[in-house]
Amino acid sequence: MSTRHSKAAKSFLENVERSEWHDNTLWGVRVKRDRMSKSLPEWERLRDAASAIKRHTLSHLDEYLEKFSENAQRNGVIVHWAANAEEFNAVVLDILKAHDVRKLVKSKSMLTEECEMNPYLEAHGIEVVETDLGERIIQLLDQKPSHIVMPAIHLTQEEVGELFEKELGSEKGNSDPTYLTYCARESLRNEFLTADAGLTGANFGVAETGEIVICTNEGNADMSTSVPKLHIAAMGIEKIIPDHKSLAVFHRLLARSATGQPSTTFTSHFRKARPGGEMHIILVDNGRSRMLAQEKHWETLKCIRCGACMNTCPVYRRSGGYSYTYIIPGPIGVNLGMARDAEKYHDNASACSLCCSCDNVCPAKVNLSEQIYSWRQELKSLGKAPMTKEMMSRGMKTVFDRPALYNLALKCSPLINAAVTCSQAVSLHLWGKGRSLPEFAKESFHSMWVKGKVKNDK
Amino acid sequence: MTSKQNILDGIRKNVRHDIEMPDIDAIVPVQYEDSLSKFVEMVKFVGGHARMLEPDEDINDAIRRNYPEAKVVASSLPYIKADKDPDMVQDAGELADVDLGVLEGRVAVAENGCVWIPQTMKERAVMFISQCLVIIVDRNDIVSNMHKAYEKVSSTEYLYGCFISGPSKTADIAQALVMGAQAARDVTVIVR
């Protein structure tokens, strides 16, 4: 119990009612995902195709990016390239300043979280209004998302009710989700009508057509871009896919994996600016091209940000998004954080039981648990391996390398049963914290076999 | 231009593989024998309403019957009786008081209740800002799955287009499903 993740998880679990709700609710989303995936006999073929399309595209990323950018420019879209977060934020600010923008409405974008765009723009006098309901709630609370698809999943309806009472003037004590959603709807409609620009992320960039595709359930990306005349789209370079044929594959997988819906309510295709409007796309690298060279980890870039790995993860469900130190939590967040800065985000590598459930639900077949396992092997070279575990591993190696010592240890093993109980009583038993050791048998299988005690019925 | 060059050079330097594009056509997608009834089922599943236009029923009467309380109707379709025309408004904000928007869909998808609506009007805000939506689709435009849908979409030109699948929704407060987050609270698809 030494990483920042495990410490934060412990405090999350202190509120039993909330942590159980979190666990059960996310498991419910996983069950809905299963129902959807099983309704399509071709589901596994789709996952194979998604993985293969992404592998192909990433291995030809330079060509596809150039093609995408040429086609977007042909459509009259202004394309920008940003090597890192600083450049990205500066490009956004430049565009906003050139248009005298004072208020910006935006739809959900994990890329802007990654680049910490909101505080940067606010420091330069721009009012930024999040319009996804979950993002709006956490913005009003000055918090960060705790899940990439359900950013406010850590909050109760009573907490949202209290917040809206204070911020939006909703009725005192009313925490009905429908009522609260309608209060936010009224308030956000006013924001859309008075904003000078809209900023969105992008789920996909289609190289063949130069268009970006955004999937939402609320319609907030569309409200943000159909009322104000200026649209800025922020897209990580790994979001490129070749064509509509590929898009069909990803469309069929995304919402089914994310929330167990057959499709998001809105799948919006932005190809050209509106009549009288202006459209910008900013292609952001921020460490992605560097990840292509990480032989064991480059396939993390296949991720389509559905969040299915979080919903299924027994550790995420029981520890909450805030227990992770990287902005993206869960299995994919462990890997993205490590790939970005292993030194800084190594605490999250412990947040995995290696159950491999994430690998089996990932629509793009990212080998998440395998990668976490391999990051753990690298902890030692980073000087981040916990000392106690290292000593235990060394001890085990000594025993397992020596058959005589192993047999002796095995004979003595029933003694451990008593020893563990004693050490737990005086809290010396580090390994046993958060784990229970199965009782050692009085006699080993090997010795039973030798004595003929093992009966073979065949 | 230097950032562009740096990014592209970085990619070329770091890519370690040369992987072939898979054959997407090898996937055998689900096909529904009766794609019309599957489509109707899925529109209902995603929270919308679906109804057939009777052979001698007038479309304007059908819309009125479904939304008798709508005071401001907006549409750019020439055969629809409307109070506002998204082609004629100066500004998208003028559509803020629209109770009912009437649109035409070009492709309808049985597997998920999606309807493809390209922007054919000046202000596409009508697709989102209207409190309720009626989407008219032709029964011959229903396809089984998204592969077929994108095949149809690919052969057209559009500056913007959206697949809409039922009313706007959210579950961001305590995972309770609420219809009508930001865009239309209620959607009816009329199949003719």
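Nothing here was measured: the structure is a model prediction, and the numbers come from that model. The chains referred to below are lettered A, B, ... by the order of the sequence lines, with proteins before strands, and numbering in each begins at 1.
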*Asks:* Sort out for me which of A:His154, A:Gln157, A:Met223 touches chain B most, counting heavy-atom pairs under 4.5 Å.
*Replies:* A:Met223

*Asks:* Which bit of A:His251 comes within less than 4.5 Å of chain B, counting heavy atoms only: side chain, backbone, both or neither?
*Replies:* side chain

*Asks:* With a 4.5 Å cut-off on heavy-atom pairs, point out which of B:Arg16, B:Glu111, B:Met42, B:Glu151 contacts chain A the most.
*Replies:* B:Glu111

*Asks:* Do the rings of B:Tyr160 and A:Phe270 sit parallel, tilted or perpendicular, given the 30° and 60° boundaries?
*Replies:* perpendicular

*Asks:* Could you tell me how the ring of A:His269 sits relative to the ring of B:Tyr158: parallel (under 30°), tilted (30 to 60°) or perpendicular (over 60°)?
*Replies:* perpendicular

*Asks:* Check each of A:Arg185, A:Glu218, A:Arg189 against B:Gln182 using the side chain to side chain donor-acceptor pair (under 3.5 Å) test, and report the only one that passes.
*Replies:* A:Glu218

*Asks:* Within a strict 4.5 Å, meaning less than it, do heavy atoms of the A:Leu46 and B:Ile27 side chains meet?
*Replies:* yes

*Asks:* Is the closest basic N to carboxylate O distance between A:Lys245 and B:Asp25 below 4.0 Å?
*Replies:* yes

*Asks:* Are the side chains of B:Ser3 and A:His80 in touch, meaning some heavy atoms are under 4.5 Å apart?
*Replies:* no

*Asks:* Please flag which part of A:Glu295 lies under 4.5 Å from any non-hydrogen atom of chain B: side chain, backbone, both or neither.
*Replies:* side chain

*Asks:* So what's closer than 4.5 Å to chain B heavy atoms on A:Ala82: side chain, backbone, both or neither?
*Replies:* backbone

*Asks:* Run B:Ile173 and A:Ile137 through side chain to side chain contact (heavy atoms under 4.5 Å, CB included) and show every step you take.
*Replies:* CA-CA 9 Å; B:Ile173 300 176; A:Ile137 291 167; 3.8 Å; yes

*Asks:* Under 4.5 Å heavy-atom distance to chain B, tell me which part of A:Glu87 shows up: side chain, backbone, both or neither.
*Replies:* side chain

*Asks:* With a 4.5 Å cut-off on side-chain heavy atoms, are A:Ile153 and B:Gln175 touching?
*Replies:* yes

*Asks:* So, the side chain of B:Asp172 versus the backbone of A:Gly134: is there a donor-acceptor pair under 3.5 Å, distance only?
*Replies:* yes

*Asks:* Quick check on B:Pro167 against chain A: is it the side chain, the backbone, both or neither that has a heavy atom closer than 4.5 Å?
*Replies:* backbone

*Asks:* When rounded to the nearest 0.5 angstrom, what is the spacing between CD1 in B:Ile11 and CG in A:Leu65?
*Replies:* 5.0 Å

*Asks:* Does any heavy atom of chain A fall under 4.5 Å from the side chain of B:Ile24, the backbone, both, or neither of them?
*Replies:* side chain

*Asks:* Which bit of A:Glu63 is near chain B, if near means a heavy-atom gap under 4.5 Å: side chain, backbone, both or neither?
*Replies:* neither

*Asks:* Please state whether the side chain, the backbone, both or neither of A:Val29 comes within less than 4.5 Å of a heavy atom of chain B.
*Replies:* side chain

*Asks:* Answer yes or no: is there a side-chain heavy-atom contact under 4.5 Å between A:Ser263 and B:Phe163?
*Replies:* no

*Asks:* Passes side chain to side chain contact (heavy atoms under 4.5 Å, CB included), B:Met146 versus A:Leu247? Steps please.
*Replies:* CA-CA 9 Å; B:Met146 288 308 291; A:Leu247 182 55; over 6 Å; no

*Asks:* Rounded to the nearest 0.5 Å, what separation is found between the NZ atom of A:Lys229 and the CG atom of B:Asp91?
*Replies:* 6.0 Å

*Asks:* Need one label for B:Met179: side chain, backbone, both or neither, based on atoms under 4.5 Å from any heavy atom in chain A.
*Replies:* backbone

*Asks:* Given a strict heavy-atom distance threshold of 4.5 Å, which part of A:Arg288 is in contact with chain B: side chain, backbone, both, or neither?
*Replies:* neither

*Asks:* Sort B:Gln119 into side chain, backbone, both or neither according to what part of it lies under 4.5 angstrom from a heavy atom of chain A.
*Replies:* side chain

*Asks:* So do the side chains of B:Met21 and A:Ser246 get within less than 4.5 Å of each other, counting heavy atoms only?
*Replies:* yes

*Asks:* Can you tell which of B:Glu123, B:Lys148, B:Arg185 has the highest number of heavy-atom pairs within less than 4.5 Å of chain A?
*Replies:* B:Arg185

*Asks:* With a 4.5 angstrom heavy-atom cut-off, which part of A:Thr216 approaches chain B: side chain, backbone, both or neither?
*Replies:* neither

*Asks:* Any side-chain heavy-atom pair from A:Thr57 and B:Ile19 closer than 4.5 angstrom?
*Replies:* no

*Asks:* Need one label for B:Val30: side chain, backbone, both or neither, based on atoms under 4.5 Å from any heavy atom in chain A.
*Replies:* both

*Asks:* Under 4.5 Å from any heavy atom of chain B, what part of A:Ile214 do you find: side chain, backbone, both or neither?
*Replies:* neither

*Asks:* Once you round to the nearest 0.5 Å, how far does CG of B:Asn112 lie from CD of A:Gln261?
*Replies:* 10.5 Å

*Asks:* Based on non-hydrogen pairs under 4.5 Å, which of B:Val187, B:Ile117, B:Asp9, B:Asp18 is most in contact with chain A?
*Replies:* B:Asp18

*Asks:* Less than 4.5 Å to any heavy atom of chain B: does that hold for the side chain of A:Leu180, its backbone, both, or neither?
*Replies:* both

*Asks:* Which answer fits B:Glu20, side chain, backbone, both or neither, if we ask what part of it has an atom under 4.5 Å from a heavy atom of chain A?
*Replies:* backbone

*Asks:* Any chance you could measure B:Ser168, atom OG, to A:Asn220, atom CG, to the nearest 0.5 Å?
*Replies:* 8.0 Å

*Asks:* Side chain, backbone, both or neither: which part of A:Ala255 has a non-hydrogen atom closer than 4.5 Å to chain B?
*Replies:* neither

*Asks:* Among B:Arg12, B:Lys4, B:Lys13, exactly one meets salt bridge (charged side-chain N to carboxylate O under 4.0 Å, His left out) together with A:Asp62. Which residue is that?
*Replies:* B:Arg12

*Asks:* Is B:Asn145 close to chain A through its backbone or its side chain, or both, or neither, when contacts mean heavy atoms under 4.5 Å?
*Replies:* side chain

*Asks:* Looking at OG1 of A:Thr225 and CZ of B:Phe128, how far apart are the two atoms once the value is rounded to the nearest 0.5 Å?
*Replies:* 7.0 Å

*Asks:* Can you tell which part of A:Pro228 gets under 4.5 Å to a heavy atom of chain B, answering side chain, backbone, both or neither?
*Replies:* neither

*Asks:* Once you round to the nearest 0.5 Å, how far does NE2 of B:His17 lie from CG of A:Leu58?
*Replies:* 10.5 Å

*Asks:* Between B:Gly10, B:Ala176, B:Ser154, B:Gly93, which shows the greatest number of heavy-atom pairs under 4.5 Å with chain A?
*Replies:* B:Ser154

*Asks:* Which one, B:Ala149, B:Ala92, B:Cys162, B:Ala26, leads in non-hydrogen pairs under 4.5 Å with chain A?
*Replies:* B:Cys162

*Asks:* Pick one of side chain, backbone, both or neither for A:Thr25, based on which atoms fall under 4.5 Å of a heavy atom in chain B.
*Replies:* side chain

